[in-house]
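Notes follow the structure.
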Protein chains: 2
Amino acid sequence: MTRMHKENNLSKNQQIIFDLIDRSSEPLKAYTILYNVQKKGINAPPQVYRALDKLVEIGKIHKIESKNAFVACKNSDCEISKATAFSICESCEVVDEISDVKLSKYLSSFNHKKGMKFKRFNLEFFGLCKKCK
Amino acid sequence: MTRMHKENNLSKNQQIIFDLIDRSSEPLKAYTILYNVQKKGINAPPQVYRALDKLVEIGKIHKIESKNAFVACKNSDCEISKATAFSICESCEVVDEISDVKLSKYLSSFNHKKGMKFKRFNLEFFGLCKKCK
DNA sequence: TTAGAATTGTTATAATATAACAGCATGTAA
DNA sequence: TTACATGCTGTTATATTATAACAATTCTAA
């Protein structure tokens with residue numbers, strides 16, 4: 001069985017699922033993940049969703065809400081998913097995480113102005129990427 | 001039967017469903033809508049989803065992606081859903097559409113910089129509203 | 001008045017997500 | 001050492017969200 005150290009590591013299922021998402025060039029959906037890890041002994045949706053929930057919680061992956069799909073975090077500035085932004089090509093479906101400190105500062109401060117106690121935001125841009133336009 | 005003029009109007013089902021969403025103080029989910037319009041002769045999910053799709057397309061409502069729920073558009077500046085932004089209270093679940101020309105200009109121009117041909121964006125802020133914090 | 005487009009109604013099913021329960025492994029405290 | 005708490009796992013069943021596919025009707029424009 002997997003050894004669990006308090007400080008860091010992912011559990012077996014979490015690691016399997018994170019690796020799959022991290023290696024993928026595109027956002028993966030929960031059931032796509034399930035089909036791809038059944039050979040590794042992960043058989044049922046709750047096992048996938050539990051790992052996904054945890055990975056989202058600790059900021060290793062993000063959920064693309066408009067696609068119900070998951071990508072590995074590529075942005076050390078997102079501060080455990082407090083400030084996420086993505087560009088999504090409507091033609092080829094490529095998703096890129098946007099890393100832009102100015103943008104996240106702008107949006108965080110915008111939020112404060114509006115009287116809300118800020119916890120996090122998620123921004124999704126849609127359009128055509130360089131290749132597709 | 002409903003008369004259909006090119007210029008404007010909603011069809012019967014579209015109007016029923018729009019009215020329900022517009023009168024609601026909170027985002028409504030598709031099946032909540034379904035339960036609430038069955039007395040009006042709308043019996044099946046596709047009827048609801050078709051009306052929702054159309055209402056989203058023409059900008060009368062928006063989908064809150066993180067909640068799979070729908071709200072009436074309160075923002076004449078969103079330009080048929082090209083530039084949508086919401087604040088979402090994680091405690092009381094209140095959702096408000098943000099109307100801020102500066103914000104949408106900022107985000108539209110940000111997007112252009114990144115080499116993507118801009119079509120639209122959706123921004124969701126999460127936190128605690130004034131009442132809940 | 002007729003063809004095309006949009007809308008409606010219906011049944012069935014696909015896709016996404018969670019509830020509920022039982023068991024095991026690890027870390028901590030008595 | 002035992003006992004308890006916590007977190008992860010495995011499993012079955014089910015809830016929730018969304019669409020496919022087909023037939024019929026209504027509206028609009030020419």
Side-chain angles (χ1 to χ4, degrees), chain A residues 1-21 24 26-71 93 95, chain B residues 1-21 24 26-71 93 95:
Chain A
M1 261 296 98
T2 317
R3 306 219 65 225
M4 300 291 294
H5 294 284
K6 197 183 192 178
E7 310 86 26
N8 52 346
N9 289 330
L10 300 180
S11 73
K12 176 168 125 301
N13 289 359
Q14 289 161 12
Q15 188 69 57
I16 290 168
I17 287 172
F18 174 72
D19 286 344
L20 184 67
I21 295 170
S24 173
E26 59 187 8
L28 294 180
K29 288 168 164 274
Y31 278 74
T32 305
I33 293 168
L34 177 57
Y35 300 140
N36 279 285
V37 296
Q38 283 183 328
K39 57 184 91 90
K40 300 228 162 113
I42 297 175
N43 303 301
Q47 297 175 284
V48 173
Y49 281 101
R50 282 191 296 233
L52 290 173
D53 288 348
K54 189 68 186 182
L55 291 167
V56 166
E57 183 192 325
I58 65 178
K60 300 280 284 181
I61 65 173
H62 302 305
K63 183 174 186 180
I64 308 300
E65 294 286 355
S66 60
K67 299 171 81 75
N68 298 316
F70 299 84
V71 294
E93 308 271 307
V95 171
Chain B
M1 259 301 94
T2 317
R3 308 222 59 227
M4 301 290 296
H5 295 283
K6 194 186 191 178
E7 310 84 25
N8 53 347
N9 289 328
L10 301 180
S11 74
K12 177 169 125 302
N13 289 359
Q14 290 162 12
Q15 189 69 56
I16 290 168
I17 287 172
F18 175 73
D19 287 345
L20 184 68
I21 295 170
S24 172
E26 58 186 9
L28 294 179
K29 289 169 162 269
Y31 278 75
T32 304
I33 292 167
L34 177 57
Y35 300 141
N36 279 284
V37 296
Q38 284 183 328
K39 57 182 92 90
K40 301 227 162 115
I42 298 176
N43 302 302
Q47 296 175 284
V48 173
Y49 281 100
R50 283 192 294 231
L52 290 173
D53 288 349
K54 189 68 185 181
L55 291 167
V56 166
E57 183 192 325
I58 65 179
K60 299 282 285 181
I61 65 173
H62 302 305
K63 183 174 186 180
I64 309 299
E65 294 287 356
S66 60
K67 300 171 80 75
N68 298 315
F70 299 85
V71 295
E93 307 271 308
V95 172

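No hydrogens, no waters, no symmetry mates; every other heavy atom, side chains included, goes into these values.
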Using whole Å, what does the distance between atom [atom2] of nucleotide [N] and atom [atom1] of [X] come to?
X	N	atom1	atom2	result
B/L55	C/dT7	CG	P	10 Å
B/E57	C/dA5	CD	C1'	13 Å
B/L10	C/dT8	CG	C1'	15 Å
A/D53	D/dC8	CG	C1'	13 Å
B/L52	D/dT19	CG	P	10 Å
B/Q14	D/dC27	CD	P	13 Å
B/L28	D/dT16	CG	P	16 Å
A/Q15	D/dT9	CD	P	11 Å

Heavy-atom donor-acceptor pair, B/Y31 side-chain to D/dA15 base, under 3.5 Å: no
Side-chain-base donor-acceptor pair under 3.5 Å for B/R50 and C/dG9: yes
Touch class at under 4.0 angstrom, heavy-atom based, for A/K63 against every strand present: sugar-phosphate
When you measure from the side chain of [X], which nucleotide among [options] comes out closest?
X	options	result
B/N13	C/dG9, D/dG10, C/dT16	C/dG9
B/K29	D/dT17, C/dT16, D/dT9	D/dT17
A/A44	D/dT19, D/dT12, D/dG10	D/dT12

Nearest-nucleotide 5' precedence on DNA chain D, B/Y35 against B/P45: B/Y35
Which residue lies more 5' along DNA chain D, comparing B/K67 with B/P46 via nearest heavy atoms: B/K67
Taking every non-hydrogen atom, the tightest pair across A/F70 and A/I61: CD2-CD1, 3.8 Å
pair A/L10-A/K60: side-chain heavy atoms closer than 4.5 Å: yes
Heavy-atom side-chain contact between B/N13 and B/R50 under 4.5 Å: no
Does [N] have OP1 or OP2 sitting under 4.0 Å from an N or O in the side chain of [X]?
X	N	result
B/Q47	C/dG9	yes
B/K12	D/dT25	no
B/S11	D/dT26	no
B/N68	C/dT16	no

Residue among A/V48, A/I33, A/N36 satisfying side chain to side chain contact (heavy atoms under 4.5 Å, CB included) with A/I42: A/V48
Test side chain to side chain contact (heavy atoms under 4.5 Å, CB included) applied to A/I17 and A/I21, A/D19, A/L20, the passing residue: A/I21
